[in-house]
Structures are given as C-alpha cells and as structure tokens.
Amino acid sequence: MKPRSIAVIGGGPAGSLVAAKLAQSGYRVLLFDEKLAWEKPCGGGLTHKAITRYPFLREAHVERNWISRCEITSPSGRRVEFQLDQPIAIFSRRVLNGLLLNMAVQAGAELRQLRITSIEGSLGHWRLHNPDREIQAEYLILATGARNPFRAQFSRAFTADDLMATAGYFIPRTRDSIELQFLPGLHGYIWIFPRTNHLSAGICGKLGALSTTRLRELLEQSLRKAGLAFAGTEFYAHILPALSLNTLRRAPVTGPGWAMIGDAAGFTDPITGEGLYYALRSADLLSDALLQEHPESYSIRLDTDFLPELEVAARVADRFFTGRWMGEAVTDRMVQFTHHSPKFRDLMCDMFSGAQGYMGLRQRLYCALPAMVAESAISALGLRGERRCRPGIPKAF
Ligand SMILES: Cc1cc2nc3c(=O)[nH]c(=O)nc-3n(C[C@H](O)[C@H](O)[C@H](O)COP(=O)(O)OP(=O)(O)OC[C@H]3O[C@@H](n4cnc5c(N)ncnc54)[C@H](O)[C@@H]3O)c2cc1C
C-alpha cells in the first residue's frame, strides 16, 4: 500500500535526498533534523563517480573546492605526489547539507527542526516523540547518521568491530593537494582535505584499538611536522561506520514499514571511509523502491548495487592497513608503485575517481603486475642515476 505520510528522521545527505525525491513525487514527507545545516565532522570529499551520478553537486551555485593533486605518505615515510585525472570536489558540510535540505524543501517536504527521542508503533502507525509533541506517520525512514539511537530497536546496535573513531581539526589555511598518511600498525589513516577557506584535517582508527586521545596525539604530531598550526582551531571527534562483513550481511536495514539509509545503516566504505556517495545512493534506491510501491525491494536493490563492493572492502580492510605485500607493508608498496609505475598510477587515479571498484581490482592488479614491476625496476634504476647527479629531486625516496 502506498503510505500517505512518510517520516524521515535526519536531514543529512541521505535523509534530505530521500525526502526531496519522495516529496517531488507527491508523497507527504515530514523531515526532522535536530540541527539543520551544520558542520558535521567530515572531510567533505566527493569522488568523480558521485559527481557524475548527482550532477547537482557540480551545477549548484555553492562554494566547494576542486582538487586534482594527491600526496600519499607510507608508514615508512615514503612519499609520492601525483595528478588525479578527475578532480575531487570538497565541500564544507554546512554548505552541502544546506544545499540538500533546500532541495527537499523546494520539492515540498515539511522540514522541522526537532530531535526525535523515541519511536513507537508498527507498520502504518508510527508514533514519533520528542518531549513536546507526538507525530504520526505511516512509513518511517531512519537517516540519523552513525550515532543512530534507534538501531538496536529496529536492527542490531553497531559493535566496536563496526566502527572507526575519528578526530580532527578545521584549520584556517588552504592547500592545493589532498594529503593522506598511513602510520605503522594503524588500521586507519590521516587526511588533509583542503576546502575553499580551511583544511579539514583528521585521523581515523578502528574503534577500541587506539583511544581518541591517542589518535589526536598522532594527528597533532603529523600536523606539527607539516607546519600546520592547529592550536585554538575547532577540534572534532565522531564515529564512522566501517562495518564488519558479518554485520553487512546479517543486520537488517529494512522491515515492515521502515528502512534505514546512509550512515544509520552503516553504508560507508570500510577502507576509505567514503560515505557521502553511499548516503545519496541508498536514498536513491529506497525512494525508487517506494515509488514503485515495493518497499521490500530496497534490500534487493542494495544487493545488486553497492553492497557487494562494501563486502569486498570489509573483507580486505585489515589486510590493506596492516598486511604485507611482496615483503613490505601494503601501503608502502602502494606508494612505491605509484611513484615508479605509470600503469599503477592510472589504477590509483581510477580508484580515486571511483571508476575502479574493489570488485575486479584483484584481477586488474595481477594482470598488470608484470608490467608494473618492470616499469618500477626501470624507473628505480633511472632514479638511482638521477639521484647521483641531482639528489633531492625524487621527493622522499
Ligand atoms: C571525520 C569524518 C570524515 C569523513 N570524511 C568523508 C569524506 O571526505 N567523504 C565522504 O564521502 N564521506 C566522509 N565521511 C562519511 C560521511 O560524513 C557520512 O557518510 C555522511 O555524512 C552520511 O550521511 P547521512 O545523511 O547518512 O548521515 P549524517 O550526515 O550524519 O546526517 C544525519 C543527520 O541526522 C540528524 N539526527 C540524528 N539523530 C536525530 C534525531 N534523533 N532527531 C532528529 N535529527 C537527528 C543529525 O543532526 C544529522 O544532520 C566522513 C565521516 C567522518 C566522521
């Protein structure tokens, strides 16, 4: 049955997009967010894949930064800088959330600044509460982000295995490249994402492995080394879903009269932490399922869309951060190959743009490996010669 009213709890990218699409198609949509457009702790980076699928991200007349250079530092201190063939758009989250909330309101969604504190009822008869009022709706969409207070009620609460801890600073400086740094033994990484008038610098690590205080110390050490003053700037800490394979496969994200989207469902890449694309895409898939009056087809749509990608990432995440490849840390080898092999650099560009997913990566890597090794050997020999006459030219090799 087509629900007469749909309540969406959470007006981040996932909630706003689903509200916009459903309201546009004539549904009565009630959209609740406790903060409206706010600077949610985030890098704010959107890949070419996201921008191509959601052209409003490119076309909207709002502030965002386009970055085409990337610098990666490996656990042993090797560094490589390379040109991306497709730029990454970096948004302030206040701007991005504002853009999407505006789209929802323009489409006819009824936006209310309200924190929903409890939910009762069942299919067709949901009752949402906050201390001052009760709101009724026939269908319920949970888009509350990673700190989803209703997960245990509807599905299963996240465990430490499903989350990363993050900490970061918004630093009033600009740069022209994205910087990523991997540290020995850290299941996570440091990033510096330049926005139009500040940097979003942060660190993520598996929840429970290192405390937020320790992560903050590691980040601060790295910022000091990079000459970035952070004292007195805004500090943030948040959690980031990085679901285990078990949770991805078994925890339900939809049931009679309800569905979860975006971070509330845990849809982020367990390696990169990319979640904006999956927030928008899950909103898209759920709205398509509802518009076709088959809400239960949402899970099938997820299974035939991005879930298999996230499952591969969940399976290999630990190996990527702490494993070894050809006798060195995987991330060290990645930096070495990026430096020496044009073929591997192409692959990295495709990974950053989203053109190359995790499925098919193994095969591409192994088919190209002999050529990559040959290119690296030739380049390393060349570099040795170059080093003798012009020391300092190859960046940290
Ligand atoms: C430090 C950090 C860096 C990141 N960097 C990137 C990046 O560079 N690129 C990328 O793609 N992804 C990144 N991510 C992930 C990305 O931020 C999330 O995937 C994305 O915000 C998910 O969108 P969402 O709409 O599902 O949830 P959110 O953006 O979290 O939105 C949820 C909304 O729900 C509201 N809400 C919550 N509870 C209630 C309630 N009870 N009642 C009313 N309102 C409520 C909140 O106010 C919030 O506005 C990062 C995450 C972190 C933590």
Side-chain angles (χ1 to χ4, degrees), residues 7-19 30-47 49-51 54 57 65 67 88-94 96-98 100-101 104 111-119 128-130 135 141-151 153 163-170 178 180 188-195 200-205 207 212 215 219 235-242 253 260-270 272-283 286 310 352 354:
V8 181
I9 310 179
S16 298
L17 185 65
V18 84
L30 309 167
L31 173 60
F32 301 99
D33 196 286
E34 58 176 323
K35 299 181 187 159
L36 300 184
W38 63 296
E39 196 57 70
K40 194 230 154 199
C42 189
L46 279 148
T47 59
K49 178 171 83 173
I51 293 153
Y54 300 104
L57 295 168
N65 211 3
I67 297 287
I88 288 187
I90 306 184
F91 280 79
S92 132
R93 285 298 304 269
R94 196 185 303 280
L96 181 64
N97 286 24
L100 280 148
L101 281 168
L111 173 63
R112 303 197 189 148
Q113 183 168 11
L114 211 63
R115 175 174 175 74
I116 302 299
T117 49
S118 67
I119 303 169
L128 282 53
H129 299 109
N130 100 324
I135 302 113
I141 300 178
L142 299 167
T144 49
R147 290 185 177 139
N148 177 358
F150 307 111
R151 242 194 103 88
Q153 183 182 346
L163 296 169
M164 290 222 195
T166 69
Y169 286 97
F170 295 124
I178 285 168
L180 304 176
Y189 63 95
I190 290 174
W191 71 86
I192 300 177
F193 278 16
R195 295 174 174 176
S200 173
I203 184 168
C204 59
L207 196 73
T212 304
L215 287 173
L219 173 65
F235 173 75
Y236 61 77
H238 207 274
I239 49 170
L240 173 66
V253 294
M260 287 178 194
I261 52 177
D263 275 18
F267 295 148
T268 55
D269 181 324
T272 62
E274 176 187 8
L276 291 168
Y277 172 76
Y278 300 106
L280 298 173
R281 188 71 191 131
S282 56
L286 177 61
L310 297 190
F352 273 84

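Indexing begins at 1, ligand by ligand and atom by atom, following the structure's order. Positions are given from 1, in the same order as the sequence printed here.
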Student: Nearest to atom 43 (C) of ligand 1, what protein heavy atom do you find, and at what distance?
Tutor: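 Of the protein heavy atoms, L114 O, 3.2 Å lies nearest.
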Student: Calculate, to the nearest 0.5 Å, the distance between atoms CZ and CD1 belonging to F352 and I67 respectively.
Tutor: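 Rounded to the nearest 0.5 Å, the CZ-CD1 separation comes to 12.5 Å.
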Student: Examine G43 against ligand 1 and note whether any of their N/O atoms are separated by less than 3.5 Å.
Tutor: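 Yes; the residue has a nitrogen or oxygen that sits under 3.5 Å from a nitrogen or oxygen of the ligand.
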Student: Any atom of ligand 1 sitting under 4.0 Å from a heavy atom of T117?
Tutor: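 The answer is no: ligand 1 sits nowhere under 4.0 Å from a heavy atom of T117.
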Student: Evaluate I261 for polar contact with ligand 1, using N/O atom pairs at a separation under 3.5 Å.
Tutor: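 Looking only at distances, the answer is no, because the N/O contact criterion of under 3.5 Å is not met.
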Student: Tell me whether F150 has any N or O atom under 3.5 angstrom from an N or O of ligand 1.
Tutor: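 By distance alone, the answer is no.
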Student: Test I90 against I178 for side-chain contact (heavy atoms from CB on, under 4.5 Å), laying out the working first.
Tutor: CA-CA 10 Å; I90 306 184; I178 285 168; 4.1 Å; yes
Student: List the steps, then state whether side-chain contact (heavy atoms from CB on, under 4.5 Å) holds for D263 with K40.
Tutor: CA-CA 13 Å; D263 275 18; K40 194 230 154 199; 4.1 Å; yes
Student: Just one of I119, V253, I261 clears the side-chain contact (heavy atoms from CB on, under 4.5 Å) bar with L142, so which one?
Tutor: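 Only match with L142 under side-chain contact (heavy atoms from CB on, under 4.5 Å): I119.
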Student: Tell me, which protein residue and heavy-atom name are nearest atom 31 (O) of ligand 1, and how many Å apart are they?
Tutor: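 Answer, as residue, atom name and distance: G12 CA, 3.4 Å.
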Student: Using a 3.5 Å cut-off on N or O atoms only, is I116 in polar contact with ligand 1?
Tutor: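 Yes: some nitrogen or oxygen of I116 is under 3.5 Å from one in ligand 1.
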Student: May I ask which of D263, D33, T166 has a heavy atom nearer to atom 47 (O) of ligand 1 than the others do?
Tutor: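 Nearest option to atom 47 (O) of ligand 1, by heavy atoms: D33.
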Student: Can you pull out the closest protein heavy atom to atom 44 (N) of ligand 1? Residue, atom name and distance to 0.1 Å, please.
Tutor: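 Ranking protein heavy atoms by distance from atom 44 (N) of ligand 1, first comes E34 N, 3.2 Å.
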Student: Can you tell me if S16 uses its side chain to pair, donor with acceptor, with the backbone of G11 under 3.5 Å?
Tutor: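 Yes; judged by distance alone, with no hydrogens or angles, the pair exists.
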Student: Which of the numbered atoms in ligand 1 are under 4.0 angstrom from any heavy atom belonging to W38?
Tutor: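 Matching atoms, with element in brackets: 47 (O), 48 (C), 49 (O).
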Student: Which atoms form the tightest heavy-atom contact between R147 and P149, and what is the distance?
Tutor: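 Heavy-atom minimum between the residues: O-CD, 3.0 Å.
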Student: Specify side chain, backbone, both or neither for W191, according to which of its non-hydrogen atoms lie closer than 4.0 Å to ligand 1.
Tutor: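 The answer is the side chain of W191.
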Student: With heavy atoms of I239 as the reference, note each atom of ligand 1 found under 4.0 Å away.
Tutor: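 Close to I239: 53 (C).
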Student: Should G273 be listed as contacting ligand 1, given a heavy-atom distance under 4.0 Å as the test?
Tutor: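 The answer is yes, since G273 has a heavy atom less than 4.0 Å from ligand 1.
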Student: First locate atom CD1 of I192, then atom CD1 of I203, and finally report the distance between them rounded to the nearest 0.5 Å.
Tutor: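 One gets 11.0 Å once the value is rounded to the nearest 0.5 Å.
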Student: Around atom 50 (C) of ligand 1, find the nearest protein heavy atom and jot down its residue, atom name and distance.
Tutor: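 Heavy-atom neighbour on the protein nearest atom 50 (C) of ligand 1: C42 SG, 3.7 Å.
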Student: At what distance, to the nearest 0.5 angstrom, does CG of L280 lie from OH of Y54?
Tutor: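 Result: 5.5 Å between the selected atoms.
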Student: Between Y236 and Y169, which heavy-atom pair has the shortest distance, and what is it?
Tutor: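 In terms of heavy atoms, the two residues are closest at CE2-N, 3.7 Å.
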Student: Is it the case that ligand 1 has an N or O less than 3.5 angstrom from some N or O of L276?
Tutor: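 N/O-N/O distance below 3.5 Å exists for this pair.
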Student: Compute the minimum heavy-atom distance from R93 to ligand 1 and say whether it is under 4.0 Å.
Tutor: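 So R93 counts as touching ligand 1.
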Student: When rounded to the nearest 0.5 angstrom, what is the spacing between CG in L114 and CG in N130?
Tutor: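 Rounded to the nearest 0.5 Å, the CG-CG separation comes to 4.0 Å.
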Student: Does the residue F267 have a heavy-atom contact with ligand 1, meaning some pair of atoms that are separated by less than 4.0 Å?
Tutor: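 No heavy atom of F267 comes that close to ligand 1.
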Student: Would you check whether K40 has a nitrogen or oxygen atom less than 3.5 angstrom from a nitrogen or oxygen atom of ligand 1?
Tutor: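 Yes - when backbone and side-chain N and O of K40 are compared with those of ligand 1, one distance drops under 3.5 Å.
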Student: Looking at K49 and E274, is there a salt bridge between them, counting it only when a charged N and a carboxylate O are closer than 4.0 Å?
Tutor: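 K49 and E274: not salt-bridged.
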Student: Determine whether the side chain, the backbone, both or neither of P13 has a heavy atom under 4.0 Å from any heavy atom of ligand 1.
Tutor: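 Both backbone and side chain of P13 come within 4.0 Å of ligand 1.
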Student: Work out which heavy atom in C42 is nearest to a heavy atom in L276; give both atom names and the distance.
Tutor: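 In this case the closest contact between C42 and L276 is SG-CD1, 4.4 Å.
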Student: Of the protein's non-hydrogen atoms, which lies at the shortest distance from atom 53 (C) of ligand 1, and what is that distance?
Tutor: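 Of every protein heavy atom, P41 O, 3.6 Å lies nearest to atom 53 (C) of ligand 1.
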Student: Might you point out which heavy atoms bring P13 and N97 nearest each other, and give the distance in Å?
Tutor: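 Shortest heavy-atom contact: CD-OD1, 3.8 Å.
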Student: Give the atoms of ligand 1, by number and element, whose distance to some non-hydrogen atom of T268 is under 4.0 Å.
Tutor: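 Result: 19 (O).
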Student: Identify the protein heavy atom lying closest to atom 10 (C) of ligand 1, giving its residue, its atom name and the separation to 0.1 Å.
Tutor: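 It is G275 N, 3.3 Å.
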Student: If you have a sec, work out which protein heavy atom is nearest atom 30 (O) of ligand 1 and how many Å separate them, to one decimal?
Tutor: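 Here the closest protein heavy atom is G145 CA, 3.4 Å.
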Student: Just jot down the ligand 1 atoms closer than 4.0 angstrom to any heavy atom of A143, in number order.
Tutor: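 In order of numbering, the contacting atoms are 32 (C), 33 (C), 34 (O).
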Student: Provide the number and element of each atom of ligand 1 under 4.0 Å from a heavy atom of T144.
Tutor: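 So the atoms of ligand 1 that pass are 32 (C), 34 (O), 37 (C), 38 (N), 39 (C).
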Student: Under 4.0 Å from a heavy atom of F193: give me the atoms of ligand 1 that qualify, with their elements.
Tutor: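 The list of qualifying atoms is 8 (O).
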Student: Specify the closest pair of heavy atoms between L31 and G10, including all atoms of both residues, with the distance to one decimal.
Tutor: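 Reported closest heavy-atom pair: CD1-O, 3.5 Å.
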Student: Check L46 against ligand 1 and report side chain, backbone, both or neither, counting heavy atoms closer than 4.0 Å.
Tutor: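 None of L46 does.
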Student: Say whether G45, considering both its backbone and side-chain N or O atoms, lies within less than 3.5 Å of an N or O atom on ligand 1.
Tutor: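 N/O-N/O distance below 3.5 Å exists for this pair.
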Student: Can you list the steps and then say if S118 with H129 is a side chain to side chain donor-acceptor pair (under 3.5 Å)?
Tutor: CA-CA 5 Å; S118 67; H129 299 109; 3.2 Å; yes
Student: Checking a contact table here: which protein heavy atom is nearest atom 25 (O) of ligand 1, and how many Å away?
Tutor: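 Answer, as residue, atom name and distance: A14 N, 2.9 Å.
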Student: Just which atoms of ligand 1 are under 4.0 Å from any heavy atom in E274?
Tutor: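 Listed by number with element: 10 (C), 11 (O), 12 (N).
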Student: For T212 and A237, which heavy atoms make the closest approach, and how far apart are they?
Tutor: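 Of all heavy-atom pairs spanning T212 and A237, the closest is CG2-CB, 4.1 Å.
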Student: Nearest 0.5 Å, what's the CZ-CZ distance between F170 and R195?
Tutor: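 Spacing of CZ (F170) from CZ (R195) equals 5.0 Å.
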Student: OG/S92 to CZ/F193 distance, rounded to the nearest 0.5 angstrom?
Tutor: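 With rounding to 0.5 Å, OG (S92) is 14.5 Å from CZ (F193).
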Student: Within the 4.0 Å heavy-atom shell around F32, which atoms of ligand 1 are there?
Tutor: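 Near F32, the atoms of ligand 1 are 43 (C), 44 (N).
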